[in-house]
Amino acid sequence: MLKKNVKKLLALGLAAGMVLGMTACGGEKAAEDTTAAQTEAAEDGKKVMNIGSMGYFAAETMDPANGWDAWYMMYDGTTETLFKLDENITPTENLAVSCESDDYINWTVTLRDDVTFQNGEKMTAEAVKKCFERTYEVNDRAKGQIAIDTLEADGQKLIFHLQHESVNLLNDLCDPLWSVYDSENSNYTDTLYCTGPYIIREFEPYVETVVEKYEGYWGGEPKLDEVHLITISDTEAITMALQNGEIDMGVAMATSTVPVFENDENFVVDAVTTTRANRLYYNMDREMMSDPVIRQAIEMCLDRDGIAAGIYNNMATPCWAIYPDMLPYGGTEGLTLSVDKYDPEGAAALLAADGWKDSDGDGILDKDGKALELKGITFASRKELGQVLELLQSELAAIGVKLNVEVLESTNDVVAAGDYDLDCETGVQSPTGNAQYFINLMLVTGGSSNSSHYSNPELDTLAAELEKTVDTDKRTELVRQMVQMTLDDHAMTVFNHQKMINIYSKNVVNYHTHPSEYYLLDVNTDLVR
């Protein structure tokens with residue numbers, strides 16, 4: 001099925017006149033005539049669902065410990081975590097039934113006694129211990145998230161001994177990175193045994209993942225027999241596929257697709273506010289980007305309101321700080337903003353005061369014999385990000401700054417090589433409700449995703465203090481102090497917070513977009529034709 005599925009949606013992409021490359025979250029994707037496949041499956045008595053996305057089904061491997069692959073496997077119902085987030089981003093029981101600690105350093109997690117891996121082996125504390133130890137060894141992000149000293153297994157009790165206090169362990173354990181899998185019997189090439197309602201049957205990176213229901217799932221019998229998660233080449237192709245019934249659901253849809261479906265009674269537009277932020281990272285190892293004045297001038301040339309309304313079709317909220325208003329430590333109240341409006345004239349004056357001028361009349365500012373020319377990058381599957389860079393390119397040109405824009409299949413290699421000045425990206429900032437997540441990942445010196453190479457020793461000190469702080473009000477105060485430092489340093493620019501948009505046929509039932517963005521396919525997801 002998987003190999004045959006390559007033809008039809010590729011044709012759709014070509015018919016739409018635009019086949020774009022995919023991002024780090026994807027590659028050239030396509031699938032065959034899924035309507036015919038559904039008919040064939042129905043004749044066999046199977047219930048098959050097809051889900052398409054431009055960038056959400058992009059696992060590089062079948063290894064949950066590799067990079068961000070566990071996130072994608074969480075979407076397809078393969079993996080699960082000890083705790084799960086509810087609609088209020090509060091941890092609830094899942095594979096674990098309780099978690100206790102007297103000192104926030106030593107935590108005892110009691111596991112369910114009725115869970116098996118997808119090979120039939122029982123999920124024990126010893127198995128989870130080995131799984132987590134492997135993840136901790138393989139993935140650097142794990143070390144930045146939970147400071148584990150040792151793990152101990154006793155029957156169905158898993159005991160965490162941490163290096164220091166951590167009040168948010170339950171939140172952190174909701175991250176798909178801490179997915180539970182059978183590390184002893186999975187080879188991560190053609191076998192992966194997790195605990196979810198669906199097991200991977202076929203896997204082709206950046207093209208398609210096929211999962212089938214796991215009959216022994218602890219949470220009951222999954223409603224669907226088989227699900228195809230297909231990466232599709234571009235916005236026009238995925239829109240056409242949804243309209244024509246080749247797919248039943250489109251995930252993380254572009255905001256431009258909403259008007260096509262919002263008044264069609266045959267579809268549901270399910271848009272939910274999350275902590276997803278669209279932002280600019282600055283490579284501070286580059287000479288121009290090491291100057292905070294240039295970074296501030298770029299911020300001042302971003303028309304946040306116009307971008308939210310025009311490019312994101314009002315499916316995003318303009319941002320002048322870091323975190324969204326929905327979070328207790330979010331918004332701008334109490335913060336001092338050096339950039340609080342769209343002000344290209346002010347940006348021009350700022351650069352002039354810093355010694356930049358067009359000395360040779362070529363329209364580009366220069367100083368000390370060097371032109372103010374920058375390289376901006378982004379990836380293709382989030383169409384809006386390229387449009388933001390193009391708009392910024394025009395705004396900067398008007399004040400004498402030349403921005404060269406490159407829209408890539410993936411920004412990973414370019415970022416790793418440091419061959420860029422600014423990177424327009426997107427990401428979920430507080431998916432588990434813990435502010436520490438984003439701070440440790442992006443802002444702390446040497447953070448695993450701190451590709452800007454930003455470093456502020458004072459912020460590092462506060463981040464370490466936050467990890468050990470239990471009092472909620474004090475934690476909020478510390479976070480807001482670090483947000484203020486980030487704004488003062490112009491370390492990054494968050495220009496809006498975007499809604500997660502899933503669009504699906506009215507035949508899809510028992511589904512609702514979750515504000516964490518973690519969950520997609522579960523035991524209750526169903527398709528009624």
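Atoms considered below: every heavy atom in the structure, side chains included; atoms not considered: hydrogens, waters and symmetry mates.
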Mind checking salt bridge (Lys or Arg N to Asp or Glu O under 4.0 Å) for Glu262 and listing every partner two or more places apart, or none if nothing turns up? none

So how far is it from Phe495 CZ to Leu280 CG, rounded to the nearest 0.5 Å? 5.5 Å

Please determine whether the number of non-hydrogen atoms from other residues, nucleotides or ligands lying under 6.0 Å from atom NZ of Lys357 exceeds 12. no

Name all residues meeting the salt bridge (Lys or Arg N to Asp or Glu O under 4.0 Å) criterion together with Lys341; count only those two or more places apart in sequence or in a different chain, and write none if there are none. none

Cation-pi, Tyr136 ring and Arg141 (6.0 angstrom, 45 degrees): no

Any chance you could measure Leu391, atom CG, to Glu395, atom CD, to the nearest 0.5 Å? 5.0 Å

Any donor-acceptor pair under 3.5 Å linking the side-chain atoms of Asp489 with those of Tyr454? yes

Are Leu85 and Thr90 side-chain neighbours, meaning at least one heavy-atom pair lies under 4.5 Å? no

Exercise: do Asp172 and Asn434 side chains pair donor with acceptor under 3.5 Å: yes

Do any N or O atoms from the side chain of Asp63 and from the backbone of Tyr188 form a donor-acceptor pair under 3.5 angstrom? no

Whether Thr476 side chain and Thr472 backbone form a donor-acceptor pair below 3.5 Å: yes

Donor-acceptor check, side chain of Thr135 to backbone of Cys131, threshold 3.5 angstrom: yes or no? yes

Considering only residues two or more places apart or on different chains, which pairs with a residue in residues 315-331 satisfy side-chain hydrogen bond (donor to acceptor under 3.5 Å, both in side chains)? Tyr329-Ser430

Straight-line distance of Leu462 CG to Leu466 CG, nearest 0.5 Å: 8.5 Å

Side chains of Tyr437 and Asn171: does their closest heavy-atom pair fall under 4.5 Å? no

Side chain to side chain contact (heavy atoms under 4.5 Å, CB included) with Met249: which of Leu520, Leu229, Ile503? Leu520

Using the side chain to side chain contact (heavy atoms under 4.5 Å, CB included) criterion, which residues pair with Ala271? Sequence neighbours excluded. Met315, Lys499, Ile501

What residues, two or more places apart in sequence or in another chain, satisfy side chain to side chain contact (heavy atoms under 4.5 Å, CB included) together with Thr513? Asp270, Val272, Met500, Asn502, Tyr511

Look up atom CD1 in Ile298 and atom CG in Leu403, then write down how far apart they are to the nearest 0.5 Å. 7.5 Å

Take a 6.0 Å sphere around CD of Glu137 and say whether it holds more than 12 heavy atoms from other residues, nucleotides or ligands. no

Intermediate values then yes/no, side-chain contact (heavy atoms from CB on, under 4.5 Å), Val339 and Arg304: CA-CA 11 Å; Val339 178; Arg304 290 164 170 81; 4.2 Å; yes

Run the side chain to side chain contact (heavy atoms under 4.5 Å, CB included) test against Ala463 and tell me which residues pass, sequence neighbours left out. Gln436, Ile439, Asn440, Val444, Met482

Phe57 CZ to Phe203 CZ distance, which is reported to the nearest 0.5 Å: 13.0 Å

Pairs meeting criterion salt bridge (charged side-chain N to carboxylate O under 4.0 Å, His left out) with involvement of residues 272-288, two or more places apart: Arg276-Glu517, Arg286-Asp419, Arg286-Asp421, Glu287-Lys370

Neighbour count above 12 (heavy atom, 6.0 Å) for Tyr104 OH: no

So that I can tick it off, tell me whether Lys367 and Asp354 are bridged by a salt bridge, with the cut-off set at under 4.0 angstrom between side-chain N and carboxylate O. yes

Any donor and acceptor pair, going by atom type alone, linking the side chain of Tyr342 with main-chain N or O of Gly306 inside 3.5 Å? no

When you measure from the side chain of Thr378 to the backbone N and O of Cys424, does any donor-acceptor pair fall under 3.5 Å? yes

With sequence neighbours excluded, residues passing ring pair (Phe, Tyr, Trp, His ring centres under 6.0 Å) with Trp356: none

Between Thr78 and Asp76, is there a side-chain donor-acceptor contact under 3.5 Å, judged purely by atom types and distance? yes

Nearest heavy-atom contact between Ala321 and Cys319 is N-SG, 3.3 Å

Residues passing the side chain to side chain donor-acceptor pair (under 3.5 Å) test with Asp473, sequence neighbours excluded, are none

With sequence neighbours excluded, residues passing side chain to side chain donor-acceptor pair (under 3.5 Å) with Ser179: Thr79

Test of understanding: with salt bridge (Lys or Arg N to Asp or Glu O under 4.0 Å), list the residues that count as partners of Lys84, not counting sequence neighbours. none

Output yes when Glu467 and Arg475 qualify as a salt bridge under the 4.0 Å nitrogen-oxygen rule, no when they do not. no

Other residues, nucleotides and ligands only: do more than 12 of their heavy atoms fall within 6.0 Å of CD on Glu87? yes

What residues form a side chain to side chain contact (heavy atoms under 4.5 Å, CB included) with Ser338, not counting sequence neighbours? Gln296, His490

Please determine if Glu373 and Lys402 form a salt bridge, counting it only when a charged side-chain N lies under 4.0 Å from a carboxylate O. yes

Rounded to the nearest 0.5 Å, what's the gap from OG1 on Thr461 to CG on Asn456? Could you check? 8.5 Å

Answer yes if the ring centres of Tyr75 and Tyr56 are under 6.0 angstrom apart, and no otherwise. yes

